[in-house]
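What follows is one structure encoded as structure tokens, with my remarks underneath.
Both ligands and their constituent atoms are indexed starting at 1 by order of listing.
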Amino acid sequence: MADAGMLRFHVPEPEVRPGGTPDFSNVTIPKAGSVPRPEVDVDPRTIRDMAFSIIRVLNRAGEAVGPWAGLLTDEELLEGLRHMMALRTFDARMQMAQRQGKTSFYMQHLGEEAVSCAFRKALKPGDMNFPTYRQAGLLIADGYPMVAMMNQIYSNEADPLKGRQLPIMYSSKEHGFFSISGNLATQYIQAVGWAMASAISNDSCIAAAWIGDGSTAESDFHAALVFASTYKAPVVLNVVNNQWAISTFQGIARGGSGTFAARGLGFGIPSLRVDGNDYLAVHAVAKWAIERARRNLGPTLVEYVTYRVGAHSSSDDPSAYRPKAESDAWPLGDPIIRLKNHLIHKQVWTEQRHIQAEAEILETVIAAQKEAESHGTLHAGGKPSTRDMFEGVYAETPPHLRRQRQQAGV
Ligand SMILES: Cc1ncc(C[n+]2csc(CCOP(=O)(O)OP(=O)(O)O)c2C)c(N)n1
Ligand SMILES: [Mg+2]
């Protein structure tokens with residue numbers, strides 16, 4: 001039969017599978033400092049190529065170079081390093097707590113710490129994030145107590161969310177962290193709506209939407225872009241491309257668009273790609289996008305190019321779908337090591353002080369964990385009251401819930 005009559009469709013496949021040799025030669029990495037920094041009121045049509053490049057500040061020698069460098073003081077950089085180290089240590093302890101049965105579920109940020117930690121420092125109090133489950137750095141870098149996060153993970157008697165949410169789905173209005181939803185992408189359109197509401201009420205607070213590469217396949221992502229571009233909403237549209245969506249590689253959700261940032265171009269939204277493992281670059285690009293929102297210049301789409309080094313969650317085993325050494329081959333390195341090397345290069349940090357800081361941070365995290373565990377863990381100690389299930393949900397309890405509450409005797 002003639003080939004012309006045979007219809008086909010295409011299923012993208014990752015370059016390498018378990019057992020193969022990791023290969024990222026298809027990921028083009030521009031030199032640090034090589035991407036220009038346009039004015040924030042630039043005509044979006046003139047910067048379309050930025051959706052296909054990668055803004056980078058830290059070079060291999062640990063120097064900060066180019067037009068996006070120089071925004072942070074040494075003190076701010078040292079603080080950033082501590083935030084990322086704290087998040088990594090917190091993750092390791094909580095992952096272990098999950099294995100010990102103290103919580104049912106955990107999700108790590110390994111390799112992606114710079115994205116949420118650096119972005120938070122570019123925001124102002126009152127700004128609102130609409131995060132996914134992989135942005136706990138927004139809380140840590142804003143000084144939200146680790147004990148409160150652990151109480152939530154343990155669903156114990158001090159859980160601020162009273163056991164109503166899956167572990168790690170934090171919520172804190174005071175810290176600009178909107179309740180996480182397990183239904184992926186719903187938060188993206190909510191962020192745009194919140195930003196529009198902020199403008200309607202003549203406020204000065206902006207919104208930040210967060211989504212993973214895989215979840216951009218959802219309709220909500222596209223609907224959010226329509227609203228954001230049409231109404232020039234004061235929102236930053238963040239896409240964290242960590243190469244994987246559980247076992248699905250990023251090529252599936254990206255499809256033919258070349259990059260995730262390029263998705264914004266069809267909407268006339270300025271769209272940038274940034275090295276997600278470069279604390280300085282993430283912060284600089286976040287500042288640029290946030291200033292655009294604050295100055296009523298409209299939305300910006302930012303793709304953070306990073307790599308999910310850990311498993312998707314405590315329920316996942318990545319050795320089933322990708323080579324074990326793939327993370328070692330990732331060409332953008334590790335965000336903590338890169339910032340550490342930069343600070344050592346600047347002579348404001350040493351290997352010795354780094355080791356000491358690791359020990360101090362571990363001690364702080366263990367102390368927080370002890371305190372949280374004194375309020376209970378999944379199967380032991382204090383629990384939220386059954387009563388909490390009925391309270392704080394409706395202004396007036398509907399009759400069927402009143403009946404259920406009576407039956408439960410609470
Ligand atoms: C609407 C919806 N579809 C599917 C899922 C199941 N699910 C949970 S996480 C996930 C992968 C998301 O990947 P990505 O958006 O790349 O974020 P990452 O986990 O890599 O940070 C999927 C498919 C879900 N929670 N919600
Ligand atoms: Mg992903």
Side-chain angles (χ1 to χ4, degrees), residues 11-12 14-15 24 27 54 84 87-88 91 94-95 98 104-119 129-140 165-170 177-191 208-225 237-255 257 259-264 273-277 282 301-322 326-327 330 332 335:
V11 181
E15 301 280 328
F24 286 112
V27 183
I54 302 180
M84 292 198 287
L87 177 55
R88 189 167 289 185
D91 270 350
M94 290 297 100
Q95 174 79 10
Q98 193 277 335
S104 56
F105 186 70
Y106 192 70
M107 294 182 95
Q108 290 186 278
H109 305 74
L110 197 57
E112 300 178 42
E113 291 90 346
V115 177
S116 53
C117 288
F119 188 91
N129 288 287
F130 288 75
T132 80
Y133 42 69
R134 231 183 283 283
Q135 277 94 45
L138 294 170
L139 288 172
I140 289 195
Q165 278 271 54
L166 189 75
I168 64 108
M169 296 208 169
Y170 319 104
F177 194 94
F178 199 84
S179 310
I180 299 177
S181 168
N183 305 325
L184 302 178
T186 51
Q187 75 281 3
Y188 225 67
I189 189 74
Q190 290 165 2
W210 292 90
I211 201 164
D213 47 271
S215 309
T216 63
E218 282 289 339
S219 317
D220 278 349
F221 173 74
H222 303 87
L225 263 57
L237 303 164
N238 295 308
V239 177
V240 182
N241 176 8
N242 63 3
Q243 312 302 316
W244 290 94
I246 315 184
S247 56
T248 303
F249 90 116
Q250 49 84 26
I252 297 276
R254 194 196 66 227
S257 71
T259 68
F260 287 92
R263 285 276 158 74
R273 288 178 99 215
V274 57
D275 178 344
N277 291 13
V282 169
L301 194 150
V302 182
E303 175 185 345
Y304 303 87
V305 184
T306 184
Y307 185 85
R308 195 200 77 211
V309 177
H312 170 72
S313 73
S314 54
S315 315
D316 174 48
D317 172 16
S319 70
Y321 53 81
R322 65 183 194 188
E326 195 177 83
S327 60
W330 176 242
L332 294 174

Checklist entry - Between Phe260 and Val305, is a side-chain contact (heavy atoms from CB on, under 4.5 Å) present by the stated rule, with each step listed? => result CA-CA 10 Å; Phe260 287 92; Val305 184; over 6 Å; no

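- By the 4.5 Å heavy-atom criterion applied to side chains, Tyr106 and Ser313 are not counted as neighbours.
- Two residues are said to be in side-chain contact when any heavy atoms from C-beta on lie closer than 4.5 Å; Ser314 and Met107 fail this criterion.
- With atom 24 (C) of ligand 1 as the reference point, the heavy atom nearest to it among Thr306, Leu184, Ile211 is part of Leu184.
- The part of Glu218 lying near ligand 1 is the side chain, judged by heavy-atom distances below 4.0 Å.
- Near Gly212, meaning under 4.0 Å from one of its heavy atoms, ligand 1 places the atoms 14 (P), 15 (O), 16 (O), 17 (O).
- The protein atom (non-hydrogen) at minimum distance from atom 15 (O) of ligand 1 is Ser215 OG, 2.6 Å.
- Checked against Arg88 for a side-chain hydrogen bond (donor to acceptor under 3.5 Å, both in side chains), the options Glu113, Gln108, His109 give a single hit: Glu113.
- Protein heavy atom closest to atom 25 (N) of ligand 1, with residue, atom name and distance, is Gly182 O, 2.8 Å.
- Here the shortest heavy-atom distance to atom 21 (O) of ligand 1, taken over Gln250, Arg134, Glu112, belongs to Arg134.
- One side chain, Asn238 or Tyr304, offers a donor N or O that lies under 3.5 Å from an acceptor on the other.
- The aromatic rings of Tyr188 and Phe221 are tilted relative to each other, their planes meeting at an angle between 30° and 60°.
- Residues passing the salt bridge (charged side-chain N to carboxylate O under 4.0 Å, His left out) test with Arg263, sequence neighbours excluded: none.
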Identify each donor-acceptor pair in which a side-chain atom of residues 242-250 lies under 3.5 Å from a protein atom, sequence neighbours left out, and give them as a table.
from   : atom 1 : to     : atom 2 : distance (Å)
Asn242 : OD1    : Trp244 : N      : 3.3
Asn242 : ND2    : Glu112 : OE2    : 3.0
Gln243 : NE2    : Thr306 : O      : 3.1
Trp244 : NE1    : Glu326 : OE1    : 3.1
Gln250 : OE1    : Arg254 : NH1    : 2.9

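- The distance cut-off of 2.8 Å around the Mg ion (ligand 2) captures these protein N, O or S atoms, sorted by chain and number: Asp213 OD1, Asn242 OD1, Trp244 O.
- At a heavy-atom distance under 4.0 Å, only backbone atoms of Trp244 (N, CA, C or O) approach ligand 1.
- Two residues are said to be in side-chain contact when any heavy atoms from C-beta on lie closer than 4.5 Å; Pro318 and His312 fail this criterion.
- With hydrogens left out, the protein atom closest to atom 11 (C) of ligand 1 is Ile246 CG1, 3.5 Å, a heavy atom.
- Remark: side-chain polar atoms of Tyr307 are not paired, donor with acceptor, to backbone N or O of Leu332 under 3.5 angstrom.
- Scanning the protein for heavy atoms near atom 14 (P) of ligand 1, the closest one is Gly214 N, 3.6 Å.
- Between Tyr133 and ligand 1, at least one pair of N/O atoms sits closer than 3.5 Å.
- Taken to the nearest 0.5 Å, the CD atom of Gln187 stands 9.5 Å off from the CZ atom of Phe130.
- Within the 4.0 Å heavy-atom shell around ligand 1 one does not find Arg308.
- Less than 4.0 angstrom separates some heavy atom of Asn242 from each of these atoms of ligand 1: 18 (P), 20 (O), 21 (O).
- Within the structure, every pair that satisfies the salt bridge (Lys or Arg N to Asp or Glu O under 4.0 Å) test and touches residues 306-322, not counting sequence neighbours, is listed here: Arg308-Asp316.
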